[in-house]
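Each chain gets a letter, A, B and so on, in the order the sequences are listed, and its residues count up from 1. Heavy atoms only: backbone and side chains are in, while hydrogens, waters and symmetry mates are out.
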Amino acid sequence: MRILLLHSNYIEYRAIKKEIDIAEESDTDLKRYEDIVVLFTCLESQDDENTIINSLSEIKSSLDNLNCSRIVVYPYSHLSDNLAKASKAVFLLNQFKDSLSAEGNDVQSSPFGWNKSFTISVKGHPLAEQLKIITSGSTETYQNDALKSEERLESKYIIMSVDGNTESVEKFNFNNYKNLKALQKYELSKSRVVTSHPPHVELMKKLSLVDYEPGSDSGNLRFYPKGRFIKSLLERYVTSQVKKYGALEVETPIMYDSNHPSLASYLNRFPARQYTVNSDNKELFLRFSACFGQFLMLHDSIISHKQLPVKLYELTRYSFRREKSGELVGLRRLRAFTMPDCHALCKDIEASKTEILKRFTLSRDVLQGIGFNQDDYELAIRVTQDFYDENVDFIKQIAKDWNRPIFIEIWPEKFFYFVFKWEFNFIDNLGKASALATDQIDVENAERYGITYVDDNGDKKTPIILHNSPSGAIERCLYALLEKAAKDQREGRTPSIPFWLCPTQIRIIPLSQDFHEVSLGYLEELSNSGLRVDFEDRDLSVGKKVREAEKEWIPFILVVGKNEVESKKFQVRDRYSGEMIVMSLSELTDHCKQLLNDMITEELPLPRFISDRPQFK
RNA sequence: GCUUCGGUAGCUCAGACCGGUCAGAGCGCUUGCCUUGUAAGCAAGAUGUCGAGGGUUCAAAUCCCUCUCGAAGCUCCA
């Protein structure tokens with residue numbers, strides 16, 4: 001017996017013509033049923049009453065999952081080439097329908113033995129389409145492989161304290177760990193009632209950084225000059241840190257052949273979340289990480305054990321994931337995003353553990369440099385039961401290093417290609433968690449891609465691969481910075497972004513046009529010390545000019561008038577302290593240098609004179 | 001992808017239920033005046049396929065359908 005189950009918005013059908021003598025009676029009106037589970041059903045020669053009994057439990061569990069008890073049984077012979085005799089099929093089919101009704105379902109059916117036309121609209125969720133093959137003995141359900149293994153998966157969740165002790169999430173006292181609690185809630189709770197919009201979306205537009213681009217696909221955004229500037233600084237900073245760690249920067253294509261043997265088997269592990277590009281007779285897909293290019297490169301490389309660990313790095317602009325449209329949110333979840341991706345080949349699990357610790361520190365430093373405190377994110381570790389049991393000391397070492405409790409998810413078996421991963425999770429204003437940095441121990445892909453190194457006996461060996469992103473997607477870092485600022489705002493503090501990332505660091509406002517020339521001298525002086533300074537040359541009231549600067553979140557604002565010119569002392573509006581500070585230009589420069597803390601610098605991304613700037617919304 | 005809500009000037013929105021002087025306000029923009037002391041100086045002017053397409057109607061921003069974009073929830077997050 002074969003049943004194609006389709007959870008449908010509606011089905012319409014019309015019986016056209018009897019095809020066999022024993023066909024059921026029917027009229028030829030158009031029938032329409034809405035929000036219904038359609039069972040295209042086909043009975044095969046070996047089916048008997050036991051088959052029907054087996055099918056019932058199978059259908060029942062699907063209906064429970066779908067939370068729907070309205071059914072159309074639609075006889076459909078085309079599912080098999082081994083059909084039962086019509087007489088037997090009608091008999092069993094009636095038994096099938098009666099039993100379904102007896103279980104309290106609302107059962108409709110289309111007539112057996114008729115030629116019919118139909119129109120169907122199937123719902124989009126993962127369980128909406130299932131093929132069930134049922135015999136009198138056993139039952140099989142065919143679904144997407146990844147989904148199947150995910151359903152089997154029942155994770156265990158624990159919290160590990162600094163001292164290495166563990167407790168179940170139910171018992172752990174979260175009183176002093178508000179964000180960890182939010183993470184735990186986010187992971188485990190099914191219902192998250194939120195009515196507000198994500199604050200960063202409004203901010204990214206208001207600050208003229210980033211916007212939606214209706215002319216592209218959803219989740220592909222436009223970056224205005226200031227947004228591009230901040231993103232570019234973040235990209236350069238992360239890249240420089242990863243290179244200092246010892247990674248070799250490479251560049252690989254953004255699209256790959258779906259029929260390449262190594263790629264095909266990797267792709268099949270995941271639901272169809274790729275963008276595809278058809279060109280000539282090739283079916284290409286856009287990469288969703290730098291894995292492909294780097295793995296193919298490593299496949300063709302000759303690597304000695306003496307060179308391990310070998311680290312490759314690429315900043316993907318872009319990685320593409322065709323997330324479902326309802327899952328996209330501002331800068332948090334995109335279809336095209338920029339991802340620093342650093343892989344390391346390690347000799348074995350022991351070596352990979354050593355490397356994981358180095359990269360853990362690297363990632364913390366990178367986030368710190370960007371402007372996140374340790375309080376801004378929480379550590380989650382996800383691990384197979386086997387790896388946990390064998391390496392509990394390693395995890396305790398991380399806990400000690402982290403110096404705060406860790407959220408741990410333990411999988412009963414390996415589901416993905418990795419046995420261990422850690423993530424830094426940022427918790428936003430709506431209580432949502434999103435991963436920033438992460439690292440994984442991959443035990444599968446070296447073999448899949450034929451990546452080897454030569455050991456001290458001259459034998460080829462398969463390495464372990466680590467997958468690290470020390471900052472997470474660059475767009476997501478910007479999201480987190482804006483959400484952090486929004487939180488400040490909500491709690492009554494002045495929102496700001498880190499000094500090193502501000503497109504304008506200092507704005508000079510002349511009191512009137514009489515002070516333009518002398519102000520331009522100050523602008524020159526401050527610019528020469530490497531700061532990004534611009535000049536409010538528009539003919540507005542002072543109040544208005546200050547207001548405009550504040551709306552742009554400019555850290556330091558100087559008004560230049562008679563007093564300043566005479567005394568060489570300036571009243572500086574300091575956004576970070578919220579105070580007016582009187583200081584000389586050199587004092588201001590020193591203060592800025594201190595704030596900059598040796599982070600990278602770059603020229604002003606817009607004209608110095610405000611009047612020369614177009615408005616990007 | 002599903003359900004719900006939304007899309008009116010560059011921005012924030014009113015108008016929609018009840019179809020007919022409803023194409024509107026504030027900000028921004030342009031021009032002129034003012035020459036400014038730390039979050040909005042004054043005045044005048046320009047600005048719209050009312051998200052797109054179709055339908056109903058004598059008449060549609062307004063009612064109906066389809067599509068599209070965004071948000072929330074579900075789901076998902078390699």
Can you tell me if [X] touches the phosphate of [N], counting only side-chain N or O atoms and a distance under 4.0 Å to OP1 or OP2?
X: A:Lys544; N: B:G28; result: yes
X: A:Gln615; N: B:C29; result: yes
X: A:Ser541; N: B:A40; result: no
X: A:Lys324; N: B:U3; result: no
X: A:Arg322; N: B:G1; result: no

Would you measure the distance from the [atom1] atom in [N] across to the matching atom in [M] and give it in whole Å?
N: B:C33; M: B:A16; atom1: P; value: 43 Å
N: B:C13; M: B:G48; atom1: C1'; value: 15 Å
N: B:U56; M: B:U62; atom1: P; value: 15 Å
N: B:U68; M: B:G53; atom1: C1'; value: 10 Å
N: B:G15; M: B:A23; atom1: C1'; value: 9 Å
N: B:A46; M: B:A40; atom1: C1'; value: 22 Å
N: B:G20; M: B:C29; atom1: C1'; value: 34 Å
N: B:G26; M: B:G32; atom1: P; value: 22 Å

Task: Polar side-chain contact A:Glu564-B:G37 base: donor and acceptor under 3.5 Å - done: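 Indeed, a donor on one side and an acceptor on the other fall under 3.5 Å apart.
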Task: A:Arg333 (side chain) and B:C76 (base): donor-acceptor pair under 3.5 Å - done: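 Such a pair exists between side chain and base.
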Rounded off to whole Å, could you give me the [atom1]-to-[atom2] distance for the [X] and [N] pair?
X: A:Leu328; N: B:G1; atom1: CG; atom2: C1'; result: 11 Å
X: A:Glu327; N: B:G1; atom1: CD; atom2: P; result: 10 Å
X: A:Asp428; N: B:C77; atom1: CG; atom2: C1'; result: 15 Å
X: A:Phe288; N: B:A78; atom1: CZ; atom2: P; result: 11 Å

Does [X] have its ring centroid less than 6.0 Å away from the ring centroid of [Y]?
X: A:Phe420; Y: A:Phe387; value: yes
X: A:His591; Y: A:Phe556; value: yes
X: A:Phe418; Y: A:Trp411; value: yes

If you look at every strand shown and take non-hydrogen atoms under 4.0 Å, does [X] touch a base, only sugar-phosphate, or nothing?
X: A:Glu536; answer: nothing
X: A:Leu540; answer: base
X: A:Lys206; answer: nothing
X: A:Gly326; answer: base
X: A:Ser218; answer: sugar-phosphate

With both distances under 3.5 angstrom, what nucleotide forms a Watson-Crick or G-U wobble pair with [N]?
N: B:A16; result: none
N: B:C29; result: B:G45
N: B:U3; result: B:A72

- [ ] Report the nucleotide, chosen from B:A39, B:C77, B:U38, that has the shortest atom-to-atom distance to any side-chain atom of A:Tyr186.
- [x]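 Closest nucleotide among those given: B:C77.
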Task: Flag for A:Gln440-A:Tyr417: side-chain donor and acceptor within less than 3.5 Å - done: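 Note: A:Tyr417 and A:Gln440 side chains meet the donor-acceptor criterion.
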Open item on the list: Quick one about A:Asp217 and A:Tyr275 (side-chain donor to acceptor, distance below 3.5 Å, no hydrogens or angles considered), yes or no?
Closed with: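 Checked: A:Tyr275/A:Asp217 side chains pair up, N/O donor to acceptor below 3.5 Å.
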TODO: Fit a plane to each ring of A:Trp422 and A:Phe424, take the angle between them on a 0 to 90° scale, and name the class: parallel (under 30°), tilted (30 to 60°) or perpendicular (over 60°).
DONE: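 Correct class here is tilted.
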Task: Over 12 foreign heavy atoms within 6.0 Å of CD, A:Glu517 - done: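 Not more than 12 within 6.0 Å, no.
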Task: Pairwise 5' ranking along RNA chain B for A:Arg332 and A:Arg538, keeping only the more 5' one - done: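 Of the two residues, A:Arg538 wins.
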Open item on the list: Quick check: on RNA chain B, is the nucleotide nearest A:Val546 upstream (toward 5') of the one nearest A:Gly219, or the reverse? Name the residue that is more 5'.
Closed with: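 Here A:Val546 is the residue nearer the 5' end.
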